[in-house]
Asks: 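Input: one structure, supplied below.
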Amino acid sequence: METFEAHYESMMKAIRRYAPNTDLEKVERAVRFAQEKHKNQKRKDGSPYIIHPLAVAEIVSEIGLDTDAICGALLHDCIEDTSASFRDISEQFGQTVAELVEGVTKLTRVEFSTLEEQQVENLRKMFMAMSKDIRVVLIKICDRLHNQRTMEYQTPAKQISKSTETMDIYAPLAHRLGMQKIKWELEDSALQYLDPEGYRKLVDYLDAHKEEAEKFMETIQQMISDRLKEVGISGTISGRIKHVYSIYRKMQTQHKTIDELYDLYAFRVIVGTISDCYNVLGHIHEMFKPVPGRFKDYISTPKPNMYQSLHTTVIGAQGIPFEVQIRTKEMHETAEYGVAAHWKYKEGVESGDEKEFEWVRRLLEDQQETDAEDYIHSLKVDMFDDEVFVFTPKGKVISLPAGSTPIDFAYAIHSGVGNTMIGAKINNRIAGYDVKLKNGDIVEILTSKSAKGPSRDWLNLCKSNQARSKIKQWFKREKREENVVRGRASFESELRRAGLSPSLLQDENLQPELLRKLSFDSLDDLYAAIGYGGITAVKVLGKIREDLQRATARTAEGENPAPKLLEIKPPRRNNTQDSGVVVEDIENCMVKFSRCCTPVPGDDIVGFITKGYGVSIHRRDCPNARAAMHPETADRWVNVSWASAEGRTFPTTLEVIADDRPAMLLDIAQTLNSMQIRMKEIFGKDLTEAHCQFTVTFNVKSTDELNAVMTRLRGIQGVIEVSRGQN
């Protein structure tokens, strides 16, 4: 079992090596305070809880943070898990440490009605904390890293949920902050639980080929080292095999086996000056054959996370391609530790005011006009996707998500430029609004004061959340009447598709309750929000479906009480079937699940006695079932309920509407595979030139598992809508 003494000594070594200016007396007091507060608590593996804060403080020290950050790491769980208060910590360690601890605590203790709302609120709090003090998020990332290192002691369900969150949020956030070393470990450790079989196969392959890989890397390192000595350039050379998740991702996106991958090896050359970087590049290209199109200059055009380096891919005499990264020592520190390598607090500069964090405030602004699910999806595009770097005609560099169009560029300049845009030039040639920008493009936006404003089609053409949010704001402000008409038509169409009458919305008793639940003052406000894209008709219906169904049932009972099945009583559990369903008053009957609505445990269900095929089980909200609920068939409807069916799975179908882009089918399949969901079938069809629909059939244990699958699918780039299939 791990001991306090071992972790304490390890932390102190890290402080002495990486943060030598630390106030050790203050750290000692923080250790004693945390040890006292956590003294009766244990970790999942049975070790003292204090080991976790010590380990987090060690990681914080390794990235070179200051005394307050180390103390904040030691105390980060005190407010949440012990009797310690903000005031206690403030009095003993100062206001700054207390605010760091409070900031980390706020990210995890808020409860919400849906997973999406909780995730968005936590992210919003995180970005607010980042805009005030970036150390809050750095501590949180270090906390998550240690949790991933000890994930083996968690339940399988917790391992998957936490690792999914790590892969979706924390690893990309570490990337956005430039913390590549931590990002790689987070990704590899998360993959270990999300796809254990795929992870193990890769690790076994790398272990089996370790000896030949080391020989290859030693040969290349020696060749580069000899050349640098020959020309008088001082530098260090190191080689490595790319990390497991990087290889895994390439195999998935490129549809290749590990033997077919292009560049498994990466070499790093660290030199003294920028001019040496370019000199080394020339020698590398002279020694090895460069691969066309694989050279990237991040020194002259740094990434938004401050990363700088020269990248080139070359092929050696053995015919094996490999990547070479060339940078200075300062660039290497930034590449490894990102924002922590450029720590400003020692100089008294507030990081929240620095230009590097404009993207944090932009994310905060963009989420004001976006509902929870759309925000999470757009966030992954804006913050986590690869970037493309383009130029204004005056040479200013603009960073946009990969796949951005001139529309994204225009709104990145200013909303006024986007709203008056009438055309665009790329590299001095007229270009369409849907052209995807490439690195190095020079983009000029053509505007006119008489422009009619953005088109609704632009929402499908733009890539960034910033552009989409500003377009929606324009329609909300300028086109209310049109929005009301469009929104009403869209929502009423959705109601009819679900077998519900739009007239229900005019019920004077029901309408106020529905509007309160949806947080709108009037139906016109609701329709306007749907019309300008602030919320979708599908999501509105999802929030009030049960209320409308109950109102429909009450209306049906008042008009014709004959079909009593609309008020189904709980059945007597006298015949639990192998099917997992209990049918009231019918012994040993055959049961089949309807293919039109594919019910699963957790759904409200109803049974219909068929002619020759036993009892057909439908979801209560199935349009086919509702259409058949009339007096003539009243005696054929029976009460049913779910029986205990541990370990049993049930087939269900989802419809996914998405952008028609390459690898969309692969991303859907990979998402299901990472959740250990086995697909039975999937097929797709075109809806428009830009959109397509996939129908996916697979087995799940319950609606909880199904909802988790739907949430993950909605997070895929380009997915517009995910809904239960109803044929």
Side-chain angles (χ1 to χ4, degrees), residues 120 123-124 127-128 131 304 355 357-385 387-390 392 396-426 431-437 441 443-484 486-487 525 528-536 659 690 717-718 720:
V120 163
L123 288 170
R124 187 179 69 83
F127 296 138
M128 288 184 69
S131 67
K355 190 175 181 181
F357 304 110
E358 287 180 359
W359 59 273
V360 177
R361 288 185 288 280
R362 189 171 72 241
L363 290 169
L364 279 170
E365 292 168 2
D366 291 345
Q367 62 93 27
Q368 300 298 329
E369 295 290 333
T370 311
D371 71 348
E373 189 178 314
D374 284 345
Y375 183 58
I376 289 176
H377 168 72
S378 299
L379 176 75
K380 292 173 183 176
V381 172
D382 275 5
M383 191 172 80
F384 301 159
D385 264 17
E387 298 94 4
V388 59
F389 302 96
V390 294
T392 68
K396 181 181 178 182
V397 178
I398 302 294
S399 170
L400 297 167
S404 290
T405 66
I407 298 170
D408 297 286
F409 180 89
Y411 281 100
I413 300 298
H414 192 276
S415 57
V417 175
N419 293 338
T420 57
M421 177 180 176
I422 58 171
K425 287 184 177 180
I426 300 177
Y433 289 163
D434 60 345
V435 175
K436 291 185 178 180
L437 301 177
D441 281 345
V443 185
E444 179 183 357
I445 301 300
L446 309 177
T447 62
S448 170
K449 292 182 179 180
S450 60
K452 296 180 180 179
S455 163
R456 291 185 186 275
D457 292 338
W458 290 11
L459 291 170
N460 298 322
L461 298 177
C462 64
K463 177 79 171 178
S464 66
N465 186 44
Q466 182 184 22
R468 190 173 290 108
S469 177
K470 289 180 177 179
I471 293 169
K472 288 179 179 179
Q473 288 174 19
W474 187 89
F475 278 105
K476 179 181 180 181
R477 184 176 63 250
E478 304 289 339
K479 299 284 185 177
R480 178 174 170 81
E481 291 184 9
E482 178 185 328
N483 292 335
V484 170
R486 290 173 62 93
D525 289 343
I530 297 173
Y532 79 78
I535 192 170
T536 66
D659 293 339
Q717 175 187 336
I720 299 168

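Note that the structure is predicted; figures quoted are calculated from it, not measured. In this chain, numbering begins with 1 at the start of the sequence shown.
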Asks: Compare every heavy atom of Val417 with every heavy atom of Ala410, then report the nearest pair and how far apart it is.
Replies: O-CB, 3.7 Å
Asks: Can you name the closest pair of heavy atoms from Pro406 and Ala424 and give their distance?
Replies: CB-CB, 3.7 Å
Asks: Please name the pair of heavy atoms, one in Leu459 and one in Lys472, separated by the smallest distance, quoted to 0.1 Å.
Replies: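 It is CD2-CG, 4.0 Å.
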Asks: Quick test of your reading: applying side chain to side chain donor-acceptor pair (under 3.5 Å), list the pairs with at least one residue in residues 414-425, sequence neighbours left out, ordered by first then second residue.
Replies: Tyr411-Asn419
Asks: Taking only residues two or more places apart in sequence, or in another chain, which ones meet Phe475 in a ring pair (Phe, Tyr, Trp, His ring centres under 6.0 Å)?
Replies: none
Asks: As an exercise, state the distance from CE of Met421 to CD1 of Ile407, rounded to the nearest 0.5 Å.
Replies: 6.0 Å
Asks: How close do Lys463 and Ala402 get, heavy atom to heavy atom, and via which atoms?
Replies: CE-O, 3.1 Å
Asks: What's the separation between atom CD1 in Ile720 and atom OG1 in Thr536, rounded to the nearest 0.5 Å?
Replies: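 Interatomic distance, Ile720 CD1 to Thr536 OG1, rounded to 0.5 Å: 11.0 Å.
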Asks: Applying salt bridge (charged side-chain N to carboxylate O under 4.0 Å, His left out), can you list everything that pairs with Asp525, at least two apart in sequence or on another chain?
Replies: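 Per chain and number, Asp525 pairs via salt bridge (charged side-chain N to carboxylate O under 4.0 Å, His left out) with Arg480.
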Asks: Just to verify, what does Val435 make a side-chain contact (heavy atoms from CB on, under 4.5 Å) with, not counting sequence neighbours?
Replies: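 For Val435 the side-chain contact (heavy atoms from CB on, under 4.5 Å) partners, ignoring immediate neighbours, are Ile426, Ala431.
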Asks: Would you please test Ile422 and Thr447 for side-chain contact (heavy atoms from CB on, under 4.5 Å) and show each step?
Replies: CA-CA 5 Å; Ile422 58 171; Thr447 62; 5.6 Å; no
Asks: Side chains of Leu437 and Asp408, heavy atoms from C-beta outward: is any pair under 4.5 Å?
Replies: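 Leu437 vs Asp408: side chains apart.
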Asks: Could you state the interatomic distance from CD1 (Ile471) to CG (Asn460), rounded to the nearest 0.5 Å?
Replies: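 If I round to the nearest 0.5 Å, the distance is 9.5 Å.
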Asks: Restricting to side-chain contact (heavy atoms from CB on, under 4.5 Å), what partner residues turn up for Thr392, sequence neighbours left out?
Replies: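 Partners of Thr392 by the side-chain contact (heavy atoms from CB on, under 4.5 Å) criterion, ordered by chain and then number, come out as Lys394, Lys396, Ile398, Phe409, Ile413.
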Asks: Who are the side chain to side chain donor-acceptor pair (under 3.5 Å) partners of Ser404, not counting sequence neighbours?
Replies: none
